[in-house]
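Keep in mind it's a predicted model, so treat the numbers as computed, not measured.
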Protein chains: 2
Amino acid sequence: MGKLDFAPIADTTRRAEIVALLRRAILTGQLEPGQKLNELRIAEQMRVSRAPLREAMRELVQEGILTSIPYAGTFVIDVTAKDIDDAYSLNKVLDEFAIELTWRLRDQRFFDELDRRHEAVKQATRNLDTTRQIETALQLHGLIHEWADNSVLLETWQRLASRLQMYFALHQRARKEPVPAEDIHETYVRLLKGSDMRAAQRHAREHIDLDFEELLAYARSLEQRASKGAKATVANRQQI
Amino acid sequence: MGKLDFAPIADTTRRAEIVALLRRAILTGQLEPGQKLNELRIAEQMRVSRAPLREAMRELVQEGILTSIPYAGTFVIDVTAKDIDDAYSLNKVLDEFAIELTWRLRDQRFFDELDRRHEAVKQATRNLDTTRQIETALQLHGLIHEWADNSVLLETWQRLASRLQMYFALHQRARKEPVPAEDIHETYVRLLKGSDMRAAQRHAREHIDLDFEELLAYARSLEQRASKGAKATVANRQQI
DNA sequence: ATCAAGCAGATTGTCGACAATCTAACAAGT
DNA sequence: ACTTGTTAGATTGTCGACAATCTGCTTGAT
């Protein structure tokens, strides 16, 4: 009997595929915040009945990237500057905790994986693939949460990462300029490889690694515009 | 125009009521960990079709208290000692963060609400209503998260609190002895009213306020038993 | 002109039935 | 005895249709 360990086979329900499709559409910004999801239309587009689609939407509502109002519809969550700020501040706390848990568990496999993900970010940056750049950067940051061996922390992080990805995608789509070429994750990776845990934690708490300041400024500017134009966000709601 | 603020009217979908019913059943321990939820049977019992029931179950899966295996069924999550430990250690981190955020926002209304919830715990304790005691204790601890004015933190706490409630309910049902009569929350409340934030945070991090040690010991004993009887947890799976 | 009542039209919520898949029991072969 | 096929039953996944609810427009009265 060989000691080969197989990976679990893929979920073969329509529901699971719909969840993946919708999540991707939302996180990449193809579905904009506030936008209403018309069940009939989406179901027809996907060649699927409404039952699995509705179940998928229920999952994404609980995942925090959709919101549902009975008999009115299901919408992509609206993003406010406060939401971003809240998410970011909690993120810092979780990072600090994850570093603490991960620290003594670091080994060669950890360092290798860290380099691998770091390299993926750099490659996406070189390719000017902004969507992938966001994705890989979050995966790089997610490693400490995966490695921390705390399932509840990991779940929490993944929920948070979904939103962060959405926020950044939103931001990237808004600004037309190319992404920064320099490597902003260099320090982060170096500290995680080092021997000073406190320094790594401090970096997580203090350093704006993911361009958050710019993201926040963008969100605030959006709200300025919205408050001037009365209920602009509502008016902008489109149907898919 | 009066400045009366109305509460949102109740959700009138079957789905929402089913979610509430199921959640209550799980958190009070009426549905045991590992137990399978038979859709047809539950739907008949609730006089509801499977569609809203399934949607409700999808929500609870994402909420983390149910788990689903395609074409096999949906089960109440299994509880391991590690799960409890993970949840508790994250809980401490979140508490510390919540205290930091709440601290400068404390006002008379906060203190009043703190006392009100504290009183509710004491009353449930006097009445020997263990289920309600757990519920009120978690509501007491939840106040700092509600007050912190960070929506992401609050969401995260609520997910965590669901699990904690489930764990404690499990424990309480197992031990036949009456609950402790003394008031273990006295110090917690006093520190939250005081002026030393660090002390309050230290208390949250160090003091075992919610009988966690005993809960952990119980969970570990369960696993001891399980490992002896091979796959006892699976064998014990009952249908509702 | 303003406002309430009421009437389509569209959309969400729910239902019952059917299809796909799993489980367990049994039979047959080695 | 042990594995491998087969089959019947039960359960989950999906579908199409109907009911409940909302939205916006029209109508009519003041």
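- Considering only the side chain of A/Tyr71, C/dT12 comes nearest among D/dG13, D/dT11, C/dT12.
- For the pair A/Met46 CE and D/dC15 P, the computed distance is 12 Å after rounding to whole Å.
- Dashed line: the shortest gap from a side-chain N or O of B/Ser49 to OP1 or OP2 of C/dC15 is under 4.0 Å.
- Among residues two or more places apart in sequence or in another chain, the side-chain contact (heavy atoms from CB on, under 4.5 Å) test is passed with A/Gln30 by A/Ala25, A/Thr28.
- The interatomic distance linking A/Leu40 (CG) with D/dC18 (C1') rounds to 14 Å, in whole Å.
- A search for side chain to side chain donor-acceptor pair (under 3.5 Å) contacts involving A/Arg117 returns A/Glu113, A/Glu146, not counting sequence neighbours.
- Closest of all the heavy-atom pairs between B/Ser162 and B/Ile65 is CB-CG2, 4.3 Å.
- What separates CD1 of B/Ile69 from P of C/dA20 is a distance of 23 Å, to the nearest Å.
- Every residue two or more places apart in sequence or in another chain that forms a side-chain contact (heavy atoms from CB on, under 4.5 Å) with A/Ala87 is listed here: A/Leu160, A/Leu164, A/Tyr167, B/Val152.
- Near-neighbour residues of DNA chain D inside residues 50-58 of chain B, defined by a heavy atom below 4.0 Å, number-ordered: B/Arg50, B/Arg54, B/Arg58.
- Taking atom CD of residue A/Glu17 and atom P of nucleotide D/dG13, one finds them 14 Å apart after rounding to whole Å.
- Computed from coordinates, the A/Arg15 CZ to D/dC15 C1' distance equals 15 Å when rounded to whole Å.
- The separation between B/Glu44 atom CD and C/dC15 atom C1' is 14 Å, rounded to whole Å.
- Where B/Thr74 and A/Arg47 each meet DNA chain D at their nearest nucleotide, the meeting point lying more 5' is that of B/Thr74.
- Picking from C/dC15, D/dT14, D/dG13 the nucleotide with the shortest atom distance to the side chain of B/Val48 gives C/dC15.
- Every residue two or more places apart in sequence or in another chain that forms a side-chain contact (heavy atoms from CB on, under 4.5 Å) with B/Ala51 is listed here: B/Ser49.
- Of the candidates D/dG13, C/dG13, C/dT14, the closest approach to any side-chain atom of A/Pro70 belongs to C/dG13.
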Subject >> Test salt bridge (Lys or Arg N to Asp or Glu O under 4.0 Å) applied to A/Arg163 and B/Glu155, step by step >> reply: CA-CA 13 Å; A/Arg163 299 200 185 184; B/Glu155 262 179 58; 2.8 Å; yes

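- Residues passing the side-chain contact (heavy atoms from CB on, under 4.5 Å) test with A/Thr74 are A/Met57, A/Arg58, A/Val61, A/Leu66, A/Ser68, sequence neighbours excluded.
- The distance from atom CG of B/Asn38 to atom P of C/dT23 is 14 Å, rounded to the nearest whole Å.
- Rounded to whole Å, the distance from CD on B/Glu39 to C1' on D/dT14 is 12 Å.
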